[in-house]
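Read through the structure below, which is laid out as structure tokens, and then see the notes.
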2 protein chains.
Amino acid sequence: MRGKRHDKPDNCMVEVAMEILGGRWKLAIVYKLLQGTHRFGELKREMDGITPRMLTRQLRELEEDGIVARTVYPEVPPRVEYSLTDTGRSLDTIVGLLDGWGRSYLDNHHPSAGPGRN
Amino acid sequence: MRGKRHDKPDNCMVEVAMEILGGRWKLAIVYKLLQGTHRFGELKREMDGITPRMLTRQLRELEEDGIVARTVYPEVPPRVEYSLTDTGRSLDTIVGLLDGWGRSYLDNHHPSAGPGRN
DNA sequence: CGGTATCCCTTCCGATACTG
DNA sequence: CAGTATCGGAAGGGATACCG
């Protein structure tokens with residue numbers, strides 16, 4: 001999903017969004033940060049199963065793409081806070097709709113009976 | 001993005017949507033099909049650079065996930081038409097917003113000057 | 001606390017050639 | 001026309017251990 005950076009002379013710009021948000025934990029992070037600023041450790045604790053390596057990587061990529069802002073406080077012990085940029089906050093509606101869509105998807109395809117190729 | 005099928009007892013269902021829509025060509029396909037039913041060859045011609053193998057795979061996965069409906073007409077030469085299910089059409093708003101977001105993202109991060117880690 | 005470094009496996013996905 | 005078969009590279013991402 002990465003590698004070809006947003007070079008889409010295409011008709012449809014959906015893929016641009018996907019290149020930026022397509023990572024395994026990207027939207028989950030944005031979702032958390034929509035609720036407010038978080039420290040590294042907070043995110044790590046609240047995102048079930050993520051390794052520090054992955055959290056760092058995804059945060060750095062979101063930062064480079066202008067979605068997340070990283071603030072380092074020169075204290076001991078170190079404190080680093082992550083928040084959304086304006087661009088990041090502009091994902092509010094979309095993330096909300098995706099969350100709702102996923103929710104109702106799990107309903108309609110009632111997980112009790114659903115096979116779900118696995 | 002695939003493999004762990006929609007098993008998210010989590011707080012946020014965004015990842016469910018991502019597992020379904022996260023493929024390289026998935027949303028581009030949905031985007032096309034939102035404009036109406038298409039035949040295999042039509043999609044292939046209109047989606048720049050996609051190989052038949054990839055088109056088949058992504059269509060099949062979308063079908064298994066209940067997004068796309070596949071209709072085979074027993075004719076010679078063969079004709080197969082792809083359209084969206086109700087679930088697929090329910091992505092209309094989201095796809096539109098993602099498209100708009102990608103578009104304005106490319107603007108704000110004016111591609112003329114933007115470095116874009118590559 | 002907030003990360004890195006290393007290793008390695010899996011999945012994705014593109015190229016190419018072939019088929020009913 | 002609408003696919004399949006096979007191959008192989010590359011990116012994504014998890015486990016574990018260590019660092020300033």
Side-chain angles (χ1 to χ4, degrees), chain A residues 1-8 15 18-29 32-33 37-65 68-83 117-118, chain B residues 1-8 15 18-29 32-33 37-65 68-83 117-118:
Chain A
M1 216 81 198
R2 297 223 124 205
K4 316 188 32 182
R5 302 302 291 162
H6 350 306
D7 45 353
K8 273 285 146 189
E15 315 187 25
M18 275 314 180
E19 281 178 27
I20 295 172
L21 308 171
R24 168 81 181 76
W25 305 92
K26 295 268 175 76
L27 281 183
I29 292 172
K32 286 288 178 208
L33 294 186
T37 297
H38 283 69
R39 299 181 57 170
F40 185 89
E42 289 174 334
L43 286 173
K44 177 156 164 30
R45 247 174 291 112
E46 293 177 30
M47 317 244 316
D48 197 44
I50 196 170
T51 60
R53 167 184 139 87
M54 268 301 131
L55 184 52
T56 303
R57 284 185 50 127
Q58 308 266 301
L59 280 169
R60 288 293 196 285
E61 292 185 358
L62 286 170
E63 192 190 354
E64 289 172 32
D65 287 335
V68 159
R70 180 170 178 266
T71 313
V72 182
Y73 295 88
E75 310 171 356
V76 243
R79 179 160 62 102
V80 179
E81 289 189 349
Y82 294 92
S83 57
R117 154 182 30 87
N118 218 354
Chain B
M1 215 82 198
R2 296 224 129 204
K4 317 187 31 184
R5 302 302 293 163
H6 353 301
D7 46 352
K8 273 284 146 189
E15 316 186 23
M18 275 315 179
E19 281 177 28
I20 295 172
L21 309 171
R24 169 79 180 77
W25 304 93
K26 294 270 175 73
L27 280 182
I29 291 172
K32 286 289 179 204
L33 294 186
T37 297
H38 283 68
R39 299 182 55 172
F40 186 88
E42 289 175 335
L43 286 172
K44 178 156 164 28
R45 247 174 291 114
E46 293 177 30
M47 318 243 315
D48 199 44
I50 196 171
T51 60
R53 169 182 138 87
M54 269 334 265
L55 183 52
T56 302
R57 283 189 51 126
Q58 308 265 301
L59 280 169
R60 289 292 197 286
E61 291 185 359
L62 287 170
E63 191 190 354
E64 288 171 33
D65 286 335
V68 159
R70 178 170 180 265
T71 313
V72 182
Y73 296 88
E75 309 171 354
V76 243
R79 179 160 62 103
V80 180
E81 289 189 348
Y82 294 93
S83 58
R117 154 183 29 92
N118 219 352

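On a predicted model such as this, the values are computed, not experimentally measured, just so you know. In what follows, chains are A, B, ... by sequence order, proteins preceding strands, each numbered from 1.
Residue A/Tyr82 is classed as a sugar-phosphate contact, given heavy-atom separations below 4.0 Å to backbone atoms only. In this structure, B/Arg45 reaches neither bases nor backbone, as no heavy-atom distance under 4.0 Å exists between it and the strands shown. Across all strands shown, B/Glu75 has no heavy atoms under 4.0 Å from either base or sugar-phosphate atoms.
Rounded to whole Å, atom C1' of D/dG3 lies 13 Å from atom CD1 of B/Ile50. Computed from coordinates, the A/Met47 CE to C/dG2 P distance equals 15 Å when rounded to whole Å. Note: CD (B/Glu81) to C1' (D/dG3) measures 16 Å, nearest angstrom. Taking atom CD1 on B/Ile29 and atom P on D/dA2, their separation rounds to 14 Å, with Å as the unit. Atom CZ in B/Phe40 sits about 8 Å away from atom P in D/dA2, given to the nearest Å. Rounded to an integer number of Å, the gap from A/Arg39 CZ to C/dG3 P is 10 Å. As a whole-Å value, the separation of B/Arg60 CZ from C/dC13 P is 17 Å. Here D/dA5 presents its C1' atom at 13 Å from CZ of B/Arg57, a figure rounded to the nearest Å.
Residues satisfying the side-chain contact (heavy atoms from CB on, under 4.5 Å) criterion with B/Arg53, sequence neighbours excluded, are B/Thr51, B/Arg57.
Taking all atoms of both residues into account, the shortest heavy-atom contact from B/Val72 to B/Pro74 is O-CD, 3.6 Å. A/Thr37 and A/Ser83 get closest at one heavy-atom pair: OG1-CB, 3.5 Å. Closest of all the heavy-atom pairs between B/Val68 and B/Tyr82 is CG1-CD2, 3.8 Å.
Side-chain N/O atoms of B/Gln58 include one lying less than 4.0 angstrom from OP1 or OP2 on C/dC13. Between A/Arg70 and C/dG3 there is a side-chain polar atom (N or O) within less than 4.0 angstrom of OP1 or OP2.
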Worked verdict on B/Arg24 versus A/Glu15 for side chain to side chain contact (heavy atoms under 4.5 Å, CB included) | CA-CA 8 Å; B/Arg24 169 79 180 77; A/Glu15 315 187 25; 2.8 Å; yes
Stepwise salt bridge (charged side-chain N to carboxylate O under 4.0 Å, His left out) check, B/Glu42 with B/Lys32 = CA-CA 10 Å; B/Glu42 289 175 335; B/Lys32 286 289 179 204; over 6 Å; no
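Annotation: the span from B/Leu55 atom CG to B/Arg45 atom CZ amounts to 11.5 Å, rounded to 0.5 Å. Taken to the nearest 0.5 Å, the CG atom of B/Leu21 stands 5.5 Å off from the CE atom of A/Met18.
A heavy-atom distance below 4.5 Å is found between the side chains of A/Leu43 and A/Leu59.
Terminal axes of the helix from C/dC1-D/dG20 to C/dG20-D/dC1 (five pairs each, C1' rotation axis) are separated by 60°, to the nearest 10°.
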Got a list of protein N/O to nucleotides 15-20 of chain D N/O distances below 3.5 Å?
from, atom 1, to, atom 2, distance (Å)
D/dA15, N6, A/Arg53, NE, 3.4

